[in-house]
There are 2 protein chains.
Amino acid sequence: MNEETKRIYEAKAKVLKALAHPTRLWMAEQLVDGERCVCEFADQIDADFSTISKHLAVLRQAGIVEDDKRGKQVYYRLKVPCILNFMSCIESVIESQAKTHAALLQ
Amino acid sequence: MNEETKRIYEAKAKVLKALAHPTRLWMAEQLVDGERCVCEFADQIDADFSTISKHLAVLRQAGIVEDDKRGKQVYYRLKVPCILNFMSCIESVIESQAKTHAALLQ
DNA sequence: ATAACATTTGGCTATTTTACCAAATATACA
DNA sequence: TGTATATTTGGTAAAATAGCCAAATGTTAT
């Protein structure tokens with residue numbers, strides 16, 4: 001694997017890593033239905049405001065969401081909506097995995 | 001977010017996390033063209049054999065690949081091939097991100 | 001100006017992840 | 001049986017991540 005390839009895979013992995021956290025993935029999926037302000041997330045997540053803010057910063061730095069401030073609130077939305085197209089496949093993996101485990105228990 | 005939702009997002013995030021490493025993502029992409037044995041990966045990755053083996057174990061535990069031993073070698077293949085369908089979208093994120101950064105530098 | 005609200009930032013600790021080395025295991029072959 | 005080859009496992013140190021608290025920032029309303 002040469003340097004160029006390495007850089008490319010590091011960049012791709014960074015995007016995936018940003019989504020690879022339960023809270024961040026949930027937030028990204030919420031945004032499929034349209035923008036949300038930080039306070040709306042905070043209402044539904046049991047975590048410190050600062051934690052939520054940092055998770056959103058990770059998604060922003062990865063280029064997955066963008067934000068804008070309107071009044072006192074900051075609104076977030078998906079920047080590249082296709083980002084969640086593959087969720088059905090992730091679900092297939094989980095189902096397949098569940099079957100494998102069930103089979104092993106027989 | 002209730003307990004059930006939490007469990008679901010933890011499971012989904014676990015699959016993403018398995019792919020969210022440059023080496024593992026690269027290996028998964030190699031498998032799109034068909035199975036590979038560990039030694040073939042080792043030829044192309046500059047890392048210890050044990051490191052490569054552990055990365056493959058992460059992919060296996062996540063249900064992304066499966067393996068079988070034939071003779072002295074262990075072959076790995078994608079268990080759920082759709083898993084890489086979204087790479088074009090990841091690339092869009094990276095491009096969009098590159099544009100944003102370029103714009104900020106102007 | 002001051003107070004109240006929404007969000008981000010800095011600092012800290014606990015946990016997780018990564019990668020290496022050495023040793024163990026499994027298989028084929030002399 | 002002993003040896004070489006392929007891969008995994010155990011242990012460990014360094015680096016990255018997550019989440020909390022307290023403090024800082026920016027905005028609106030009084």
Side-chain angles (χ1 to χ4, degrees), chain A residues 1 3 6-7 9-28 30-31 35-77 104, chain B residues 1 3 6-7 9-28 30-31 35-77 104:
Chain A
M1 220 189 339
E3 287 308 312
K6 211 176 246 178
R7 263 201 309 284
Y9 281 87
E10 276 163 9
K12 290 181 182 182
K14 190 187 161 194
V15 176
L16 283 170
K17 212 165 175 179
L19 287 171
H21 183 287
T23 303
R24 291 196 294 265
L25 186 56
W26 179 83
M27 293 196 294
Q30 295 301 299
L31 295 180
E35 65 175 14
R36 296 272 187 286
C37 73
V38 183
C39 52
E40 287 173 287
F41 286 131
D43 283 344
Q44 299 179 74
I45 299 172
D46 181 28
D48 200 87
F49 234 92
S50 67
T51 301
I52 293 170
S53 178
K54 280 177 186 176
H55 278 311
L56 287 165
V58 171
L59 290 173
R60 178 164 16 85
Q61 278 155 27
I64 295 167
V65 303
E66 55 189 1
D67 64 308
D68 71 291
K69 190 160 192 170
R70 298 208 290 281
K72 275 187 289 194
Q73 281 141 354
V74 178
Y75 286 83
Y76 281 85
R77 63 182 150 288
L104 288 172
Chain B
M1 223 191 334
E3 286 308 311
K6 211 177 245 176
R7 265 201 308 285
Y9 281 87
E10 276 163 9
K12 290 181 182 180
K14 190 187 161 196
V15 176
L16 284 169
K17 211 165 174 177
L19 287 171
H21 184 284
T23 303
R24 292 195 294 267
L25 186 57
W26 180 83
M27 294 197 294
Q30 294 302 298
L31 295 180
E35 64 176 18
R36 296 273 187 285
C37 73
V38 182
C39 53
E40 286 173 288
F41 286 131
D43 282 345
Q44 299 179 73
I45 299 173
D46 180 31
D48 199 87
F49 234 91
S50 66
T51 301
I52 293 170
S53 177
K54 281 177 185 175
H55 278 310
L56 287 165
V58 171
L59 290 173
R60 178 162 20 83
Q61 279 154 27
I64 294 166
V65 303
E66 54 189 3
D67 64 308
D68 72 291
K69 190 159 192 170
R70 295 207 293 280
K72 275 187 288 193
Q73 281 141 352
V74 179
Y75 287 83
Y76 281 85
R77 64 181 148 289
L104 288 172

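Below, each value reflects all heavy atoms present in this structure, side chains not excepted, and no hydrogens, waters or symmetry copies. In what follows, every chain begins at residue 1, and chains take the letters A, B, ... in the order their sequences are listed.
- In plain terms, the two heavy atoms of A:Gln73 and A:Cys39 that are nearest each other are NE2-SG, 3.8 Å.
- Rounded to whole Å, the distance from CZ on A:Phe49 to C1' on C:dG10 is 18 Å.
- Following rounding to the nearest Å, A:Asp48 (CG) and C:dT8 (P) show an atom-to-atom distance of 12 Å.
- Using a 4.0 Å heavy-atom criterion, one finds that B:Phe41 contacts no nucleic acid atom at all.
- No engagement by B:Tyr75 is indicated, since no non-hydrogen atom pair under 4.0 Å with the nucleic acid exists.
- Regarding A:Asp43, its CG atom lies at a distance of 14 Å from the C1' atom of C:dC5, rounded to whole Å.
- Listed candidates were D:dC20, C:dA26, D:dT7. Nearest to the side chain of A:Ala47 is D:dC20.
- Distance CZ (B:Arg24) to C1' (C:dT18): 9 Å, rounded to an integer number of Å.
- Regarding contacts with the backbone of D:dG19, a side-chain N or O of A:His21 is found under 4.0 angstrom from either OP1 or OP2.
- Among the heavy atoms of the strands lying under 4.0 Å from A:Lys54 is at least one base atom, whether or not backbone atoms are also near.
- For A:Lys72 and A:Asp67, each mapped to the nucleotide of DNA chain C holding its nearest heavy atom, the one lying further toward the 5' end belongs to A:Lys72.
- Residue A:Asp46 places its CG atom among 12 or fewer non-hydrogen atoms of other residues, nucleotides or ligands, all under 6.0 Å distant.
- Rounded to whole Å, atom P of C:dA6 lies 13 Å from atom CD1 of A:Ile52.
- Distances shown here put a side-chain N or O of B:Ser53 below 4.0 Å from the OP1 or OP2 atom of D:dT8.
- When all heavy atoms are compared, the tightest approach of A:Ile52 to A:Ala47 is CD1-O, 3.9 Å.
- OP1 or OP2 of D:dG19 has at least one side-chain nitrogen or oxygen of A:His55 nearer than 4.0 Å.
- Atom CE in B:Met27 sits roughly 13 Å away from atom C1' in C:dA19 (whole-Å rounding).
- One interatomic measurement links the two molecules: CZ of B:Arg60 to C1' of D:dT9, which rounds to 12 Å at whole-angstrom precision.
- The phosphate of D:dT8 (OP1 or OP2) has a side-chain N or O of B:Tyr76 nearer than 4.0 angstrom.
- In this structure, A:Leu56 places its CG atom 13 Å from C1' of C:dA6, rounding to the nearest Å.
- If you check every strand for non-hydrogen atoms under 4.0 Å, A:Arg70 touches nothing.
- When each of A:Ala20 and A:Ser50 is assigned the nucleotide of DNA chain D with its nearest heavy atom, A:Ala20 is the one assigned upstream, toward the 5' end.
- B:Tyr75 carries B:Arg70 over the face of its six-membered ring, with the cationic atom under 6.0 Å from the centre and within 45° of the normal.
- The pair A:Arg77-A:Glu66 meets the salt-bridge criterion, with a side-chain N (NZ, NE, NH1 or NH2) lying under 4.0 Å from an Asp/Glu carboxylate O.
- Dashed line: the shortest gap from a side-chain N or O of A:Lys17 to OP1 or OP2 of D:dT17 is under 4.0 Å.
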